[in-house]
Amino acid sequence: MRTITLYYSYSGNTKKIAEMIHEKTGGDIAQIDTVVPYGDDYNQVVAQGQDEVNCGYTPEIKKLEVDLSEYDTVVLGTPVWWYTFAPAIKTFLESNDLSGKTVYPFATNGGWIGHTFKDIENACRGSVVKAGMNIRFTEDRLKTPAADIEKWIQKIQ
Ligand SMILES: Cc1cc2nc3c(=O)[nH]c(=O)nc-3n(C[C@H](O)[C@H](O)[C@H](O)COP(=O)(O)O)c2cc1C
């Protein structure tokens, strides 16, 4: 069984959690990133993100330097953007076939997770999608107790 932790992160929260998971589960880790970076103005990105989510935009993403066929377990991390996964994750899920794999999703957010996990489940037809971990932040401060995250990480196999 080989595990890879894949994540997208705009402002660092999801990256922090992905690294924590990777440290505990081992395996590999890779960051999903857009070819065109989002800007530094947070409020502008929030507005841009709303437009992108509303129209189902799929930004071009950088080629991953990993061969996904080598893994049977994928830990997939996304920030919540307008109640769902970030557009970069939408591109990733539409351009990669995770069928036959077990997917453990986690989503960092400010308290409004919306339909993120349902949407991941729908986008991962053919995969076994396990219960997701909802991880709350206030800006860059982790609000979800670390023990709850640990408990969820222990279920990854
Ligand atoms: C474009 C955009 C949309 C967001 N939409 C939501 C949302 O719908 N619900 C929520 O709780 N937080 C929302 N947030 C806050 C982020 O989900 C939260 O800060 C997350 O931890 C950021 O992860 P990152 O640092 O890995 O990018 C949004 C942030 C951005 C930039």
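No donor-acceptor pair under 3.5 Å is formed between the side chain of Thr73 and the backbone N or O of Thr102. Under a 3.5 Å cut-off, the side chain of Thr91 and the backbone N or O of Pro59 do form a donor-acceptor pair. Listed for the Lys101 side chain is a donor-acceptor partner under 3.5 Å among the backbone atoms of Leu68. One N or O on the side chain of His22 and one on the backbone of Gly27 form a donor-acceptor pair closer than 3.5 Å. In this structure, the side chain of Ser9 engages the main chain of Lys15 through a donor-acceptor pair within 3.5 Å.
Annotation: side chain of Ile135 is not in contact with side chain of Trp152 (no heavy-atom distance under 4.5 Å). Side-chain contact between Val46 and Trp82: present, with at least one pair of heavy atoms (C-beta onward) separated by less than 4.5 Å. Leu6 places a side-chain heavy atom less than 4.5 Å from the side chain of Leu64. When side chains are defined from C-beta on, Tyr7 does not count as touching Ile17, because their heavy atoms never get closer than 4.5 Å. Put simply, the side chain of Leu98 reaches to within 4.5 Å of the side chain of Phe92, judged on heavy atoms. Using a 4.5 Å heavy-atom threshold, the side chains of Phe137 and Lys16 count as touching. Between Asp140 and Ser11 there is no side-chain heavy-atom pair separated by less than 4.5 Å. Contact annotation: the side chain of Glu150 approaches that of Lys24 to within less than 4.5 Å [non-hydrogen atoms, C-beta and beyond].
Salt-bridge check for Asp119 with Lys90: failed, with every basic side-chain N at 4.0 Å or more from each acidic carboxylate O.
Grouping the Ile, Leu, Val, Met, Phe, Trp and Tyr side chains by contacts below 4.5 angstrom, directly or via other members, places Met20 with Met133.
Atom OG1 of Thr84 and atom CD1 of Ile89 lie 10.5 Å apart (nearest 0.5 Å). The distance from atom OH of Tyr104 to atom CG of Leu76, rounded to the nearest 0.5 Å, is 13.5 Å. In this structure, CG in Asn134 is found 8.5 Å from OG1 in Thr116, a value given to the nearest 0.5 Å.
The side chain to side chain donor-acceptor pair (under 3.5 Å) test with Thr14 is passed by exactly one of Thr108, Asn109, Thr78: Thr108. Applying side chain to side chain donor-acceptor pair (under 3.5 Å) to Glu52 and the options Tyr57, Trp81, Tyr38 leaves one that passes, Tyr38.
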